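Single-structure report; data block below.
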Amino acid sequence: MSKNNPFKQSRRSFLSGSVVVGVGAMASGSVRAQTADPLITEPQEWVQSFGDGVDATPYGLPIKYEGGVVRRNVEWLTADQVSSINFTPIHALDGTITPQGCAFERHHSGAIDLSKKNYRLMINGLVDTPLVFTYEDLERFPRENHIYFCECAANTGMEWAGAQLNGVQFTHGMIHNMEYTGVPLRLLLEEAGYDTTGKWVFVEGADASSNGRSIPMDKALDDVLVAFKANGEALRKEHGYPVRLVVPGWEGNMWVKWIRRIEVTNSPVESREETSKYTDTLSDGVSRKWTWAMDAKSVVTSPSPQAPIRHGSGPLVVTGLAWSGHGRITRVDVSKDGGKTWETARLAKPGERMALTRFYLDINWDGSEMLLQSRAMDENGYVQPTKTQLRDVRGLNSIYHNNCIQTWWVRENGEAENVEVS
Amino acid sequence: MSKYLKTIVFAFVVCAVADPTLADKLGLGRAALPAEVAAWDLDINALGEGLPSGSGDALVGEEIFSEKCAACHGDFAEGIDNWPKLAGGVDTLDHEDPLKTVGSYWPYLTTAYDYIKRSMPYGNAGSLTDDEVYAIVAYILYSNDLIEDDFVLSDENFLAFEMPNAKGFVVDDRETTEYAIWSDVPCMKNCKDTVEITMRALVLDVTPDQVGVFTTDVVAGVVEEVLEPEVESPTLDLKLVADGEKVFKKCKSCHQVGDRAKNKSGPILNGVLNYAAGSVEGFRYSRAMKAVAEGGLIWTSEELVAFLAKPKTYLKGTKMSFGGLRKEVDQIAVIEYLKTFSR
């Protein structure tokens, strides 16, 4: 039953191989070719005959050469696969939209199989009329489209105490960014006639964990979406098919998947997920709760440990992602010397509210070592802190909400490593 | 229309705009029936709203815990492997690597009731009676040395119980403690004198092997395709295998199969059929299982069926806290499924 992995290349054998390729590439970079390239001079199979006909893959998947661009997990993190997390391969993506098929998953009791036919959404509590909606009912409300990032509060959490995981997929991959189609939660609350004295909504999923969370009414009425499409197509099973909650800018745990019930209440439930988890313990033992908004953060995605430089010195595209749960990204700076000097990167597009922003810094790399960092700023003037700044305030025992500046040590051979600097 | 009536209509329109509860409705959805609300509205908040009437003590709780919870959380709520530890850790929150348990960290006892009632036991959520939940919560308190074993916990005294860390939380204060100090115009030049590398991830070496992650077709010759067709044994009943895969969902929270399988709270089940009992390397078997293994038990179809039907009757003292597969078709299907994984 096991699937054979088509890429049985070990990391070690790749690394030794890559050095040879790298040197070859460096040598030929600016040198005129000595022999004609057979890919150009010899007739190739694909030039003479046919490729696949239409319908060869009724629903297309990436070509086999991209087979390594997949979600990966860190097995030692959790006790069990059905209550676990994996990571988006952000080192290999560009632009800002995350394809659903490689967008990270986090389940508390596995991705359930729930059809549209069997789907029900209940709104109850402090409302005039408790209501039940079918999936078809939801599609009849006026709907909206918005691009938002969803970041797990634990993203970069394993890096609190020190540099641990050698790859941006693992240090920063608990994030995805999609265009959602859905109904504003406000409309559903209005349909049930919510009591304006109710200060909270409690939301829960249909899976065994139910993952209940309390959300302040102000946020619920502001921009929360009850979403059923992402990037134009139905949500994937692992992201809450057929319907999930989208809570812009706020920690991913609140984006309840397979959402089945929304209750208007006077007080928060103080559920497991909002007390024992997703709270931040400071060095004096006191813990912060209700730290919902994800602060501004950025990271260089390439070059990085999983995306080493293979072409040698010369033109190099340094790129990465920035985001803020408080609004728009307005600026990203990049340092090549571990934070001594900074230059402002180019934003691919102006920052959008609570969505990923792609940045580029196009440099002429001289082939010397770099300590690459990026630093995001949002529309509120907030500047992404260093790890030292964060630790000075919160201590070493925190797990969640780590938005520190990340450092990659890029070596002369183009390999990169996750490090911490003074 | 009289002047009086116009005034009323005007007042109504103003109301409708100002009061969101009177906003235009589309008439979608239907009224939820009381029985439907009762079936789903099970949450219990920190004020105790929603607590059902009932009671239980730690003595009863220990028995239930041992049968339904201990496989992951340990006999003494100490947690096995990476599974949550529920007891201990008091006074560690301001230490290095604090131990956060129900006793040391959770601010409200209602949270324990709410979570256990709705989401536990893992793999069989929502199957506990109200009294069983009271008893389990009592046992967790007892494991944390917070009550005596004969203390009867009930809806009457539940809220009176103050958790040790009840006052250990503050509401998000980042606005004053962080945002205020991290909003200066950032430094661009000569921001520090020296930069030293103080820690390296490669030294720790905890990153998973990333087979295939570096492969792209840019680097010629690196991708070595090994696409071997899967060979299914002709003797397998594939329909039964598929059924068995579904049945195996009940086993998955404790047992793994396949190439990457590891021992969890239950042993790996690759190649279990016709193999010696108690022989999976690295798994800590119960005394009972070790005894029958020494006695030469082989997991034939017949023995497996008997074990799966009623685990605790078949082998008193087994660690397997599973009620059993009652249906014969399920027993046979899951064995057929397990045949597809060899050692």
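Per chain, numbering begins at 1; letters A, B, ... match sequence-line order. All figures in this text were calculated on a predicted structure; none of them were measured in a lab.
Residue Leu390(A) touches chain B through both its backbone and its side chain, counting heavy-atom pairs closer than 4.5 Å. Residue contact with chain B, scored on non-hydrogen atoms closer than 4.5 Å, involves the backbone of Pro268(A) exclusively. In this structure, chain A has heavy atoms under 4.5 Å from both the backbone and the side chain of Glu196(B). Contact of Ser214(A) with chain B is not made at all, since no heavy-atom distance falls under 4.5 Å. For a residue to count as touching a neighbouring chain, one of its non-hydrogen atoms must lie under 4.5 Å from one of that chain's; by this rule Trp76(A) touches chain B with backbone and side chain alike. Neither the backbone nor the side chain of Thr265(A) has a heavy atom closer than 4.5 Å to any heavy atom of chain B. With a threshold of 4.5 angstrom between heavy atoms, Phe170(A) approaches chain B through side-chain atoms but not through N, CA, C or O. Proximity to chain B (any heavy atom under 4.5 Å) is shown, for Thr279(A), by both the backbone and the side chain. For chain A, the nearby part of Leu47(B) is the side chain; its heavy atoms alone come within less than 4.5 Å. At a 4.5 Å heavy-atom cutoff, the contact between Phe169(B) and chain A is made by backbone and side-chain atoms alike. In this structure, the portion of Leu282(A) lying under 4.5 Å from any heavy atom of chain B is its backbone and not its side chain. Contact annotation for Asp184(B): only backbone heavy atoms (N, CA, C, O) come within less than 4.5 Å of a heavy atom of chain A. Residue Ile116(B): no heavy atom, backbone or side chain, is found under 4.5 Å from chain A. At a 4.5 Å heavy-atom cutoff, the contact between Arg331(A) and chain B is made by side-chain atoms alone. Of the atoms belonging to Gln256(B), it is side-chain heavy atoms, and not backbone ones, that fall under 4.5 Å from chain A. Proximity to chain B is limited to the side chain of Glu417(A), based on heavy atoms less than 4.5 angstrom apart. The part of Lys100(B) that comes within reach of chain A is its side chain, from C-beta onward, which places non-hydrogen atoms under 4.5 angstrom from that chain. For a residue to count as touching a neighbouring chain, one of its non-hydrogen atoms must lie under 4.5 Å from one of that chain's; by this rule Met377(A) touches chain B with the side chain only. With a 4.5 angstrom heavy-atom cutoff, Asp337(A) touches chain B only via backbone atoms. In this structure, the portion of Trp106(B) lying under 4.5 Å from any heavy atom of chain A is its side chain and not its backbone. Proximity to chain B (any heavy atom under 4.5 Å) is shown, for Ser276(A), by both the backbone and the side chain. With a 4.5 Å cut-off on non-hydrogen atoms, Thr134(A) does not touch chain B at all.
Taking chain B as the reference chain and counting heavy-atom pairs below 4.5 Å, the highest number among Leu371(A), Thr344(A), Asp295(A) is found for Asp295(A). Among Asp114(B), Asp173(B), Asn124(B), Thr194(B), the residue with the largest count of heavy-atom pairs under 4.5 Å with chain A is Asp173(B). Ranked by heavy-atom pairs under 4.5 Å with chain A, the first of Thr111(B), Leu28(B), Leu204(B) is Leu28(B). The most heavy-atom pairs under 4.5 Å with chain B, out of Glu136(A), Glu343(A), Arg394(A), come from Arg394(A). The candidate from Pro186(B), Gly29(B), Ala31(B) with the greatest count of non-hydrogen atom pairs under 4.5 Å with chain A is Pro186(B). The greatest number of non-hydrogen atom pairs below 4.5 Å with chain A, out of Pro84(B), Ala32(B), Gly27(B), Gly126(B), is found for Ala32(B). Most heavy-atom pairs under 4.5 Å with chain A, from the set Lys192(B), Glu36(B), Lys262(B): that is Lys192(B). With chain B as the partner, the residue from Gln389(A), His326(A), Glu273(A), Gln384(A) showing the most heavy-atom pairs under 4.5 Å is Gln389(A). Interface remark: of the candidates Leu138(A), Asp207(A), Asp80(A), Asp80(A) forms the most heavy-atom pairs closer than 4.5 Å to chain B. With respect to chain A, the highest number of heavy-atom pairs below 4.5 Å among Gly168(B), Ala201(B), Pro98(B) belongs to Ala201(B). When Glu270(A), His108(A), Glu191(A), Glu420(A) are compared by the number of non-hydrogen pairs under 4.5 Å with chain B, Glu191(A) comes out ahead. The greatest number of non-hydrogen atom pairs below 4.5 Å with chain B, out of Ala293(A), Ser335(A), Gly212(A), Ser109(A), is found for Ala293(A).
Side-chain N or O atoms of Gln373(A) include one that pairs as donor or acceptor with a backbone N or O of Gly339(A) at under 3.5 Å. Listed for the Asn165(B) side chain is a donor-acceptor partner under 3.5 Å among the backbone atoms of Tyr105(B). For the pair Asn166(A) (side chain) and Leu202(B) (backbone), a donor-acceptor distance under 3.5 Å is absent. Remark: side-chain polar atoms of Asn263(B) are paired, donor with acceptor, to backbone N or O of Ile268(B) under 3.5 angstrom. Of the possible polar contacts, none joining the Asn380(A) side chain to the Tyr382(A) backbone as a donor-acceptor pair under 3.5 Å is found. Side-chain atoms of Glu49(B) never come within 3.5 Å of backbone atoms of Ile44(B) as a donor-acceptor pair (strictly under, hydrogens ignored). Judged by distance alone, with hydrogens and angles left aside, the side-chain atoms of Glu263(A) form no donor-acceptor pair with the main-chain N or O of Asn124(A) at under 3.5 Å.
A salt bridge is defined here as a Lys NZ or Arg NE, NH1 or NH2 lying under 4.0 Å from an Asp or Glu carboxylate O, and Glu274(A) with Lys289(A) fails to meet this definition. Ionic pairing of Arg288(A) and Asp172(B) is not present here: no N-O contact between side-chain nitrogen and carboxylate oxygen is shorter than 4.0 angstrom.
Val132(A) is not listed as a side-chain neighbour of Leu121(A), based on a closest heavy-atom distance of 4.5 Å or more. The shortest distance between side-chain heavy atoms of Lys85(B) and Leu99(B) falls below 4.5 Å.
By the 6.0 Å contact criterion, CG on Asp284(A) is enclosed, its count of non-hydrogen atoms from other residues, nucleotides or ligands being greater than 12. Summarising the local packing, CZ of Arg140(A) is surrounded by 12 or fewer heavy atoms from other residues, nucleotides or ligands at distances under 6.0 Å.
Here CZ of Phe133(A) is found 14.0 Å from CD of Glu139(A). Values are rounded to the nearest 0.5 Å. The line from CG of Leu159(B) to OH of Tyr108(B) is 11.5 Å long, rounded to the nearest 0.5 Å. For the atom pair OG (Ser287(A)) and CG (Asn397(A)), the distance works out to 9.5 Å, reported to the nearest 0.5 Å.
The stretch residues 89-99 of chain B participates, sequence neighbours left out, in no side chain to side chain donor-acceptor pair (under 3.5 Å) pair at all.
Evaluation of the salt bridge (charged side-chain N to carboxylate O under 4.0 Å, His left out) rule for Arg272(A) yields no partner, not counting sequence neighbours.
Of all heavy-atom pairs between Glu336(B) and Lys339(B), the closest is OE1-NZ, 2.8 Å.
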